[in-house]
Protein chains: 2
Amino acid sequence: MPHPTPKRRNAEKTQQAILDAACQVFFEKGYDAAGTREIADRANVNVALISRYFGSKEGLFKTAILPKLNIDFMLEEEMDNFGQRIAEMFAAKSGEKQFDPVIALLRASTSKEAIPLLRQTVEEQIIKPLAARLKGKAAYERASLIVTQLTGYDLLNRIVNVKTISTNNAEDMTRLLAKTLQDLVDAS
Amino acid sequence: MPHPTPKRRNAEKTQQAILDAACQVFFEKGYDAAGTREIADRANVNVALISRYFGSKEGLFKTAILPKLNIDFMLEEEMDNFGQRIAEMFAAKSGEKQFDPVIALLRASTSKEAIPLLRQTVEEQIIKPLAARLKGKAAYERASLIVTQLTGYDLLNRIVNVKTISTNNAEDMTRLLAKTLQDLVDAS
DNA sequence: CAAATAAGTCAACAACTGATTACTTAAATG
DNA sequence: CATTTAAGTAATCAGTTGTTGACTTATTTG
């Protein structure tokens, strides 16, 4: 008896299962290397349902990953200790294996189809709101450099796994990163 | 008469043609998206010769790209204007379409097979020599943060093509990047 | 309960991937 | 010049990719 209860049908739950599985696989493998069949298998769902519900792999990526990108929680508190807060946060998630939308996006950052989505998200959802919180001149430029620093940090630390970043001296690393970021926040 | 002179045979030149074409294609498309057939076509060479001369696509990548990564020329001059020099250099190559090994490596940075090669190169060929040129404490940590900043800058500026980085205010951008880098060089 | 609709399945397509094998042809060697 | 060695070619393998159309089955509606 392979199917005692032949599985209740529920489009909404199926779509959610696909979205959850997509997050996991895109996070682990990036855009290109993530196969629709693997996503469907992990969701315990037929491959064809991806096309049915999300149109295409690109549509699935858009629906699953992009909305998770939100840095509001980084900007809620005061900005005079932004550097320290963020540096500690990035250091803390160094070893994390759990889903992280930033890593998912970075792993997709070299895929032809994902780049336009990524570009818009970085501009609108990340740099723009950050710049809005910066007082003084050249807010966009400073925001951009904060984002490039954090981007490179996550890329080399968590994707390329460069040892000198994660293992050397975590305290020094966090302190220096905090200072670098805060200087960009405070710069005039 | 399709072949008036049926093409002189020269293994060395053939290998060089493959290497040159490989640089171009890896630079343009990254590791995964670069196909062996396209590389062979651009080199005007049969696909099978890639396997013959370089064993595999990975072997070709290793031979073609990795040796081009060399930051010695960045470290030859004095370090008290490092920030300004490098910031100007990175700003200048913003619009470049020509082969750049850094971009080639970045475009490969999310490919499973290329990551180990990339990691070792970043550690040994980039962070290590840079750290050796930094006086004071936490040289490795400061070198790492310089590299992460430049990595993120190139990734978002030249691969993702984030507009706020390239088009907004180039002067401010260069000035701020120069200061950020120099502070990390001078930090104690 | 029967008909209509929605949900899910299956098999296949067409395009592509990296790599290999057996082959042909040119160049070098004696 | 004949033979050996090296260089290059063509066809193909086995695998994967995203996507689709025809089908079956469950759920809801009248």
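Proteins come first, then strands; the chains are lettered A, B, ... in the order of their sequence lines, and each starts at number 1.
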Atom-to-atom span, [atom1] of [X] to [atom2] of [N] - whole angstrom:
X       : N     : atom1 : atom2 : answer
A/Ile50 : C/dT9 : CD1   : C1'   : 14 Å
B/Asn44 : D/dG8 : CG    : C1'   : 13 Å
A/Tyr53 : C/dA6 : OH    : P     : 11 Å
B/Asn46 : D/dT9 : CG    : C1'   : 5 Å
A/Glu12 : C/dG8 : CD    : P     : 12 Å
A/Gln15 : C/dA6 : CD    : C1'   : 12 Å
A/Arg52 : C/dA7 : CZ    : P     : 8 Å
A/Arg9  : C/dT5 : CZ    : P     : 16 Å

Atom pairs and distances, side-chain donor-acceptor, residues 86-107 of chain A, under 3.5 Å, sequence neighbours left out:
from	atom 1	to	atom 2	distance (Å)
A/Glu88	OE2	A/Gln84	NE2	2.6
A/Lys93	NZ	A/Asp100	OD2	3.0
A/Lys93	NZ	A/Asp154	OD2	3.2
A/Ser94	OG	A/Ala91	O	3.3
A/Ser94	OG	A/Asn157	ND2	2.7
A/Asp100	OD1	A/Val102	N	2.8
A/Asp100	OD2	A/Arg158	NH1	2.8
A/Arg107	NH1	A/Phe27	O	2.5

Residue pair A/Gln149 / B/Thr148, side-chain donor-acceptor N/O under 3.5 Å: yes
Test side chain to side chain donor-acceptor pair (under 3.5 Å) applied to [X] - qualifying residues, sequence neighbours left out:
X        : result
B/Lys57  : none
A/Asn81  : A/Arg85
B/Gln16  : B/Asp20
A/Thr180 : none

Presence of donor-acceptor pair under 3.5 Å, side chain of A/Arg8 and base of D/dT27: no
A/Arg37 (side chain) and D/dT16 (base): donor-acceptor pair under 3.5 Å: no
Among D/dG8, D/dT19, C/dT9, the nucleotide that comes nearest once only the side chain of A/Ser56 is considered: D/dT19
Selection from C/dT25, C/dA7, D/dT20 that lies nearest to any side-chain heavy atom of A/Ser51: D/dT20
Stems where DNA chain D pairs, listed by first number, each of three or more Watson-Crick or G-U pairs under 3.5 Å: C:1-3 with D:28-30, C:5-16 with D:15-26, C:18-30 with D:1-13
Residue list, salt bridge (Lys or Arg N to Asp or Glu O under 4.0 Å) with A/Glu171, at least two apart or on another chain: none
Nucleic acid contacts - residues 28-36 of chain B versus DNA chain C, non-hydrogen atoms under 4.0 Å: B/Ala34, B/Gly35, B/Thr36
Listed once per pair and sorted, the salt bridge (charged side-chain N to carboxylate O under 4.0 Å, His left out) pairs that draw on residues 39-54 of chain B, sequence neighbours left out: B/Glu28-B/Arg42, B/Glu38-B/Arg42
